[in-house]
S.K.: 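My structure is below; once you've seen it, I'll send some questions.
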Protein chains: 2
Amino acid sequence: MSAESAFPPIDHDHGRCVDLLMSAVERLRAEQTLRLTPQRRRVLEMVAASHVALGAYDILARLGGGNGRPMAPISVYRALDFLLQHGLVHRVESLNAFIACTRPGARHDALLMICSVCRRVAELQSPAIEAAIAASAAAGHFLVTHPVVEIAGICRVCRAADR
Amino acid sequence: MSAESAFPPIDHDHGRCVDLLMSAVERLRAEQTLRLTPQRRRVLEMVAASHVALGAYDILARLGGGNGRPMAPISVYRALDFLLQHGLVHRVESLNAFIACTRPGARHDALLMICSVCRRVAELQSPAIEAAIAASAAAGHFLVTHPVVEIAGICRVCRAADR
DNA sequence: GAGCAATTGTTATATTGTATCATTTCTATC
DNA sequence: GATAGAAATGATACAATATAACAATTGCTC
């Protein structure tokens with residue numbers, strides 16, 4: 001996702017975002033062993049449907065009236081763990097929340113920008129940041145397993161709206 | 001703190017680390033309005049005494065037998081908030097925990113490396129990482145207020161011990 | 001359809017963090 | 001030193017996030 005499209009207008013057609021993600025997931029599923037059960041799919045769709053990071057209990061609340069009785073928290077966490085492991089969602093550590101991955105299939109660490117006004121989270125691509133982290137780590141003989149980069153601030157849309 | 005000294009030997013003289021921090025804090029306090037009350041000081045010393053990030057409830061447990069009855073959680077959080085605001089500790093988002101700042105006085109965002117083996121956390125200085133983040137943000141017209149960088153991995157000491 | 005692994009259900013509980021209002025302590029000023 | 005306002009702390013309750021443990025079910029393979 002380019003820097004310019006990272007924070008789309010608030011009222012854009014978000015259905016397209018979801019469709020893009022789900023079709024990417026379909027491709028993955030067709031190719032191989034991705035057991036995307038109905039529950040997992042519902043959680044993924046829920047996360048994908050939001051540009052705002054959702055907490056596990058947000059998801060839980062919105063899934064309530066699905067089939068029968070509401071899911072237990074542990075079930076949501078289990079679904080999220082699965083989705084995390086398969087690179088379909090990212091955990092936002094500084095929010096204790098989750099956001100859909102914009103590049104499913106390409107397993108990667110996430111660089112996130114988090115708008116403190118509209119609360120939306122955008123995924124960023126930056127070889128420069130990754131390289132700088134790798135260089136620092138190497139200098140300290142530190143073996144990187146999972147870099148977390150979460151940049152809090154104000155997105156271009158909210159900055160523009162503030163004038 | 002240089003990359004080489006970021007993760008000192010496990011058995012180094014950690015008293016020196018604490019002393020260095022506390023004397024830096026003393027200087028701050030002498031210079032100006034830093035109301036370092038006994039409670040706040042005890043929490044700071046507790047955090048400074050550990051290379052491992054401490055959760056609020058860890059601190060709570062260790063402070064128990066101080067004066068009279070144990071502190072309430074809210075008191076620990078209040079002390080931590082104060083210390084955060086004055087740049088004496090950093091919050092480790094991915095651990096829900098806190099680590100002493102190694103450069104008190106110089107208000108700054110923290111770049112952290114977190115060893116998943118020994119659980120120690122080291123603060124890193126890297127203009128390159130900061131510049132790369134600033135550049136990415138600028139490209140996306142994103143106004144950075146608080147960059148979070150927490151690099152999980154294995155420190156040089158634990159890597160060496162693993163051979 | 002029998003056996004095994006993976007998933008989900010159920011219940012309970014652990015961990016992390018805040019809200020609210022009362023009380024105490026500190027500081028500045030008279 | 002008395003005193004009033006601000007800052008800090010105490011006390012109680014509760015909210016929000018996350019996991020443990022074990023039972024039941026589903027799906028896959030033979």
Side-chain angles (χ1 to χ4, degrees), chain A residues 29 32-47 50 52-86 88-99 114 119 121 148 150, chain B residues 29-30 32-44 46-47 50 52-86 88-99 114 119 121 148 150:
Chain A
R29 202 170 64 82
Q32 54 197 309
T33 60
L34 185 67
R35 271 177 84 170
L36 192 66
T37 64
Q39 280 213 354
R40 289 166 173 172
R41 170 181 284 273
R42 285 205 297 155
V43 171
L44 177 56
E45 285 172 344
M46 185 74 47
V47 174
S50 173
V52 173
L54 296 181
Y57 283 77
D58 293 332
I59 296 167
L60 189 58
R62 299 186 190 192
L63 282 181
N67 291 347
R69 66 194 61 178
M71 283 169 83
I74 185 75
S75 295
V76 174
Y77 282 103
R78 286 198 278 225
L80 287 169
D81 281 347
F82 174 89
L83 298 171
L84 282 169
Q85 292 211 324
H86 289 80
L88 303 180
V89 305
H90 297 294
R91 179 178 164 86
V92 188
E93 298 292 349
S94 56
L95 299 177
N96 294 327
F98 302 84
I99 196 83
I114 306 169
R119 322 297 305 179
V121 177
V148 171
E150 300 179 359
Chain B
R29 204 170 64 82
Q32 57 198 308
T33 59
L34 184 67
R35 273 177 82 169
L36 192 66
T37 63
Q39 281 214 353
R40 288 167 175 171
R41 171 182 283 274
R42 285 205 297 155
V43 170
L44 176 56
M46 184 76 44
V47 174
S50 173
V52 172
L54 297 181
Y57 282 78
D58 292 333
I59 296 167
L60 190 58
R62 301 187 190 191
L63 282 182
N67 291 347
R69 65 192 64 178
M71 285 168 82
I74 186 76
S75 296
V76 174
Y77 281 103
R78 287 197 278 224
L80 287 169
D81 282 347
F82 174 89
L83 298 171
L84 282 170
Q85 292 211 324
H86 289 80
L88 303 180
V89 304
H90 298 294
R91 181 179 162 85
V92 188
E93 298 292 348
S94 56
L95 298 177
N96 294 328
F98 302 85
I99 196 85
I114 306 169
R119 321 298 303 179
V121 177
V148 171
E150 300 179 0

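Side-chain atoms are counted along with the backbone in the values below, which use heavy atoms only and exclude waters and symmetry mates. Order of the sequence lines fixes the chain letters, A, B, ..., with proteins taken first and strands second; residue numbering starts at 1 for each chain.
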S.K.: How does protein contact run along nucleotides 5-19 of chain D, one letter per nucleotide 5' to 3', with B for base contact, S for sugar-phosphate only, - for none, heavy atoms under 4.0 Å?
M.R.: --SSBBBB----BBB
S.K.: Hey, could you give me the CG/NE2 distance between B:Leu36 and B:His86, rounded to the nearest 0.5 Å?
M.R.: 9.5 Å
S.K.: Between A:Leu80 (CG) and C:dT7 (P), how many Å, whole number?
M.R.: 15 Å
S.K.: Just so I know, are the side chains of B:Arg119 and B:Ile114 near enough to count as touching, which here means a heavy-atom distance under 4.5 Å?
M.R.: no
S.K.: I want to check something: taking the side chain as every heavy atom from C-beta on, are A:Phe82 and A:Leu34 in contact at a cut-off of under 4.5 Å?
M.R.: yes
S.K.: Got A:Asn96 and A:Arg91 here, is their nearest side-chain heavy-atom distance under 4.5 Å?
M.R.: yes
S.K.: Which angle, to the nearest 10 degrees, lies between the helix axes at the two ends of the helix from C:dG1-D:dC30 to C:dC30-D:dG1, each defined by five pairs?
M.R.: 30°
S.K.: With rounding to the nearest 0.5 angstrom, report the CE to CG distance, B:Met46 to B:Leu54.
M.R.: 8.0 Å
S.K.: Taking all heavy atoms of A:Glu93 and all of A:Glu150, pick out the closest pair and write down the distance.
M.R.: N-OE2, 2.7 Å
S.K.: Specify the closest pair of heavy atoms between B:Leu80 and B:Val43, including all atoms of both residues, with the distance to one decimal.
M.R.: CD2-CG1, 3.8 Å
S.K.: Indicate the atoms forming the closest heavy-atom contact of A:Val52 with A:Ser50, along with that distance.
M.R.: O-OG, 2.6 Å
